[in-house]
Number of protein chains: 2
Amino acid sequence: MAETKAPDSTRRSERSRRAIYDAALALVAEVGYAKTTIEGIAARAGVGKQTIYRWWPSKAAVLLEAFLDLGRQANEALGGDADSEIPDTGDLEADLKFVLRATVDEMTDPKFEAPSRALAAEGVVNPELGARFVEQLLEPQLQLYAKRLAAAQEAGQVRAGIDLRIALELFTGPLAHRWLLRTQPLSHAYADRLVEYALYGLAPR
Amino acid sequence: MAETKAPDSTRRSERSRRAIYDAALALVAEVGYAKTTIEGIAARAGVGKQTIYRWWPSKAAVLLEAFLDLGRQANEALGGDADSEIPDTGDLEADLKFVLRATVDEMTDPKFEAPSRALAAEGVVNPELGARFVEQLLEPQLQLYAKRLAAAQEAGQVRAGIDLRIALELFTGPLAHRWLLRTQPLSHAYADRLVEYALYGLAPR
């Protein structure tokens with residue numbers, strides 16, 4: 001983006017940017033990743049395709065930014081700031097349940113669900129897009145769990161020696177798996193059980 | 001299938017069936033589910049498309065049976081019988097590690113991986129196919145874990161009151177998630193950690 005634009009131009013740019021994100025997410029949800037084109041996004045957003053090419057090099061780049069923006073909106077709707085961290089009240093179990101319940105709500109929100117499924121499905125069979133999806137969208141979210149678990153480990157609430165990058169998958173993995181493959185319904189009760197089982201284990205204590 | 005065929009005809013049928021399975025799996029891996037057709041499978045298998053329509057009502061039906069057959073072959077290659085159960089040596093941790101390591105091997109075997117990804121990706125965005133995939137392929141495999149965990153619960157190695165259908169997701173969910181989205185590499189060491197963390201929990205004992 002040019003840095004010398006007048007305020008009016010900036011407002012117009014912001015409106016166009018928002019229209020492009022919305023169009024990209026709606027289109028990928030309707031026709032899938034493969035059939036989504038820059039031309040289709042431009043037509044739906046009511047902008048020229050040169051406007052899109054000026055800001056993004058490819059449809060993958062537009063979509064990834066549209067998803068990042070959607071994630072920021074979801075965080076703000078939850079009352080957090082745009083790059084919300086996982087709360088640390090000192091009670092790991094309560095904090096994880098809070099975030100996992102919010103994740104269930106997001107996963108079952110049609111605004112989020114349809115475009116996310118389209119992007120995830122493409123990532124499953126398209127390693128290049130999958131890698132960008134993981135690096136730019138998924139891994140930064142997972143690292144928030146790693147950070148919260150590190151604080152808990154420091155506080156003696158997670159065993160020393162536990163690999164936190166694996167540990168976080170004990171609750172995020174099942175949730176994503178159930179959502180992606182629709183094996184069983186998602187619910188707050190399910191989110192709670194995952195956190196309890198992951199923290200205290202299946203074996204008797 | 002007609003039940004009155006002569007042995008020669010049965011052998012020919014068996015060869016055709018195998019050729020159709022192989023063609024269906026190869027094709028879906030190469031072009032994806034949407035572009036796989038009965039005509040394409042027939043051409044590649046060297047049979048008439050009427051042969052396929054005589055045995056299966058749709059490409060989804062052919063593919064699901066081809067995957068069931070692939071699963072049986074994998075079980076046999078592991079030294080089990082076709083519908084292998086999870087071993088019960090009395091040591092839950094060792095039995096789960098054994099099976100999860102074998103699952104890692106299967107997931108990273110190109111013969112299994114490419115067609116499985118194509119089918120899973122389609123299931124993510126196609127609820128009807130996804131439901132058949134879960135009901136016929138995935139859930140029966142997950143129920144083997146439920147059964148093994150039930151025996152362990154009976155033996156006092158899993159806490160009373162634990163929901164076993166959720167419990168099994170603590171190790172199968174992360175494995176599938178890591179495989180589907182390629183977040184991190186799959187390895188035997190990773191499978192072992194998942195089992196240990198799920199059984200003993202993240203919190204200090």
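The chains referred to below are lettered A, B, ... by the order of the sequence lines, with proteins before strands, and numbering in each begins at 1. Note that the structure is predicted; figures quoted are calculated from it, not measured. Side-chain atoms are counted along with the backbone in the values below, which use heavy atoms only and exclude waters and symmetry mates.
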Using a cut-off of under 4.5 Å for heavy-atom pairs, which of [options] has the most such pairs with chain B?
{"options": "A:H177, A:E135, A:E169", "value": "A:E169"}
{"options": "A:A198, A:A114, A:G130", "value": "A:A198"}
{"options": "A:L92, A:T183, A:L149", "value": "A:T183"}

Name the member of [options] that forms the most heavy-atom pairs with chain A at distances under 4.5 Å.
{"options": "B:E122, B:E139, B:E196, B:R165", "value": "B:R165"}
{"options": "B:L170, B:V125, B:L138", "value": "B:L170"}
{"options": "B:A203, B:G156, B:G173", "value": "B:A203"}
{"options": "B:A131, B:A160, B:P127", "value": "B:P127"}

Could you check whether any side-chain heavy atom of [X] comes within less than 4.5 Å of a side-chain heavy atom of [Y], counting everything from C-beta outward?
{"X": "A:N126", "Y": "A:R132", "value": "no"}
{"X": "A:R148", "Y": "A:L144", "value": "no"}
{"X": "B:L96", "Y": "B:Y145", "value": "yes"}

CA sep, side-chain torsions, deciding dist, call: B:Q73, B:Y21, side chain to side chain donor-acceptor pair (under 3.5 Å) | CA-CA 12 Å; B:Q73 288 180 55; B:Y21 288 157; over 6 Å; no
What part of [X] lies closer than 4.5 angstrom to a heavy atom of chain B: side chain, backbone, both or neither?
{"X": "A:I162", "result": "both"}
{"X": "A:Q184", "result": "side chain"}
{"X": "A:V134", "result": "side chain"}

Using the six-membered ring of A:Y200, assess whether NZ or CZ of A:R205 lies under 6.0 Å from its centre and within 45 degrees of the ring axis.
-> no
Report yes or no: does B:W179 contribute a side-chain atom to a donor-acceptor pair with the main-chain N or O of B:M107 at less than 3.5 Å?
-> yes
Can you tell which part of B:Q157 gets under 4.5 Å to a heavy atom of chain A, answering side chain, backbone, both or neither?
->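 When you check distances to chain A, only backbone atoms of B:Q157 fall under 4.5 Å.
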Indicate yes or no: does A:D69 engage A:R17 in a salt bridge with an N to O separation below 4.0 Å.
-> no
For residues A:F67 and A:F133, establish whether the separation of their ring centroids is below 6.0 Å.
-> no
